[in-house]
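Report on one structure; see the data block that follows.
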Amino acid sequence: MILPHSFFEKSTVAVAQALLGTVLIHDALEGPTSGRIIETEAYLFKDDPASHAYRGKTKRNAEMFGPPGRAYIYFIYGMYHCFNVVTGPEGTGQAVLVRALEPLSGIELMQMRRKTTDLKALCSGPGKRVQAMGIMPSQNGSSLRCGPLTLCTGGKTGAKPMPKGDIVCTPRVGITNGAELRLRFYLKGHPLLSRRCIHAKSTRRARCDLV
DNA sequence: TGGCAGATTTTA
DNA sequence: AAAATCTGCCAA
């Protein structure tokens with residue numbers, strides 16, 4: 001079942017947690033790929049200096065201010081793309097960065113795109129994940145409820161909401177502003193999460209709590 | 001294993 | 001100049 005519009009209208013933190021365990025599917029020309037979301041980060045619109053929306057709307061972050069349930073894809077570090085799910089009321093500028101997936105289907109295609117057979121290296125970070133699934137920058141702003149890129153749960157995906165006790169909450173990775181906010185969520189003890197992410201510097205300093 | 005340089009666009 | 005990243009190379 002495709003995630004309903006109402007799913008994305010909850011608070012960004014709630015959506016970041018609820019996305020864990022759901023399945024992202026990309027039907028690309030070369031073939032389908034899919035994976036189960038195991039790591040997310042929330043980016044808020046105010047009191048969050050790490051958010052692209054913090055200083056208001058720009059050409060780059062415009063899609064972040066669009067309706068919830070769409071993709072916000074941006075270019076970073078001159079090399080990589082990151083994929084976000086827009087959340088909250090339209091115009092506020094909030095999103096959830098989808099960091100890591102557990103690959104489910106199209107694994108051979110992912111291995112070709114990533115030039116590695118190591119399952120751990122396919123989708124264990126935001127840049128890798130976009131590359132593995134063949135997500136294109138032109139898909140920025142596309143709906144995640146129809147089209148080639150969709151978010152699903154239940155039904156044939158077998159995905160179910162995760163119990164709160166399975167979700168760990170830590171500071172976000174790779175930021176300096178707002179590093180104390182614990183807005184990163186992942187499934188406790190998942191074997192495909194990179195050790196580097198779980199023990200990231202910002203994480204080591206602060207507590208890692210269950211939600 | 002842990003740390004860091006380098007790839008290079010977007011924004012402040 | 002620093003960034004919501006990743007890889008490869010280095011030292012221990």
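Residue numbers begin at 1 in each chain, while the letters A, B, ... track the order of the sequences.
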* Both distances under 3.5 Å, Watson-Crick or G-U wobble: on that basis, could you give the dot-bracket string for DNA chain C, with [ ] for crossing pairs and | for other-strand partners? => |||.|||||||.

Going by heavy atoms in the side chains, are [X] and [Y] under 4.5 Å from each other?
{"X": "A:L151", "Y": "A:I37", "result": "yes"}
{"X": "A:R129", "Y": "A:E39", "result": "no"}
{"X": "A:Y43", "Y": "A:D48", "result": "yes"}
{"X": "A:H81", "Y": "A:M136", "result": "no"}

To the nearest Å, give me how far apart [atom1] ([X]) and [atom2] ([N]) are.
{"X": "A:Y43", "N": "C:dA3", "atom1": "OH", "atom2": "P", "value": "12 Å"}
{"X": "A:L181", "N": "C:dA4", "atom1": "CG", "atom2": "P", "value": "13 Å"}
{"X": "A:K57", "N": "B:dT10", "atom1": "NZ", "atom2": "P", "value": "18 Å"}
{"X": "A:I76", "N": "C:dA3", "atom1": "CD1", "atom2": "P", "value": "10 Å"}
{"X": "A:R55", "N": "C:dA3", "atom1": "CZ", "atom2": "C1'", "value": "11 Å"}
{"X": "A:R60", "N": "B:dT11", "atom1": "CZ", "atom2": "C1'", "value": "7 Å"}
{"X": "A:N61", "N": "B:dT11", "atom1": "CG", "atom2": "C1'", "value": "10 Å"}
{"X": "A:H81", "N": "C:dC6", "atom1": "NE2", "atom2": "C1'", "value": "14 Å"}

* Candidate list A:I38, A:L24, A:T153, A:V85, test side-chain contact (heavy atoms from CB on, under 4.5 Å), partner A:L19, passing option -> A:V85

* Asked: With A:I107, which of A:T33, A:L119, A:T117 fulfils side-chain contact (heavy atoms from CB on, under 4.5 Å)?
  -> A:L119

* When clusters are formed by joining ILVMFWY residues with side-chain heavy atoms under 4.5 Å apart, either directly or through shared neighbours, do A:F83 and A:L20 land in the same one? -> yes

* Can you get from A:L149 to A:V98 by hopping between Ile, Leu, Val, Met, Phe, Trp and Tyr side chains that sit under 4.5 Å apart? -> yes

* To do: Find the distance between CG (A:L109) and NE2 (A:H26) and round it off to the nearest 0.5 Å.
  => 10.0 Å

* From A:D118 atom CG to A:L192 atom CG, the distance as rounded to the nearest 0.5 Å -> 9.0 Å

If I pick the [atom1] atom on [M] and the same atom on [N], what distance separates them, to the nearest angstrom?
{"N": "C:dA1", "M": "B:dA5", "atom1": "P", "result": "16 Å"}
{"N": "B:dC4", "M": "C:dA2", "atom1": "P", "result": "15 Å"}
{"N": "C:dT7", "M": "B:dT10", "atom1": "C1'", "result": "22 Å"}

* Structure fact -> Here the residues of residues 8-15 of chain A within 4.0 Å heavy-atom distance, strictly under, of DNA chain B are none

* Give me the residues of residues 84-93 of chain A where at least one heavy atom lies under 4.0 Å from an atom of DNA chain B, by number, or none. => none

* To do: Identify, between A:N177 and A:Q131, the residue whose nearest nucleotide on DNA chain C lies closer to the 5' end.
  => A:N177

* Positions of residues 100-118 of chain A (non-hydrogen atom under 4.0 Å from DNA chain C), listed by number -> A:R114

Within the sub-3.5 Å range, which N or O atoms of nucleotides 6-8 of chain B have a protein N or O partner, and how far apart are they?
{"from": "B:dT8", "atom 1": "O2", "to": "A:Y77", "atom 2": "O", "distance (Å)": "3.3"}

* Using a cut-off of strictly less than 4.0 Å, decide whether A:T176 has a side-chain nitrogen or oxygen near OP1 or OP2 of C:dA3. => yes

* Asked: For C:dT5, does OP1 or OP2 lie under 4.0 Å from any side-chain N or O of A:R129?
  -> no

* Asked: salt bridge (charged side-chain N to carboxylate O under 4.0 Å, His left out) with A:R145: which residues, sequence neighbours excluded?
  -> none

* Given B:dA12, C:dT5, C:dT7, which nucleotide is nearest the side-chain atoms of A:V173? -> C:dT5

* Asked: So, A:S34 side chain and A:L104 main chain: donor-acceptor pair closer than 3.5 Å or not?
  -> no

* Asked: Any donor and acceptor pair, going by atom type alone, linking the side chain of A:R36 with main-chain N or O of A:A159 inside 3.5 Å?
  -> no

* To do: Check each of A:R184, A:R182, A:E41 against A:T170 using the side chain to side chain donor-acceptor pair (under 3.5 Å) test, and report the only one that passes.
  => A:R184

* Sort out for me which residue in A:H52, A:R60, A:Q94 forms a side chain to side chain donor-acceptor pair (under 3.5 Å) with A:Y72. => A:H52

* To do: Any chance you could lay out the side-chain hydrogen bond (donor to acceptor under 3.5 Å, both in side chains) test for A:Q131 and A:R113, step after step, and finish with the verdict?
  => CA-CA 7 Å; A:Q131 193 181 23; A:R113 287 180 176 135; over 6 Å; no

* Structure fact -> In terms of heavy-atom contacts, A:A132 and A:C123 come closest through CB-SG, 3.9 Å

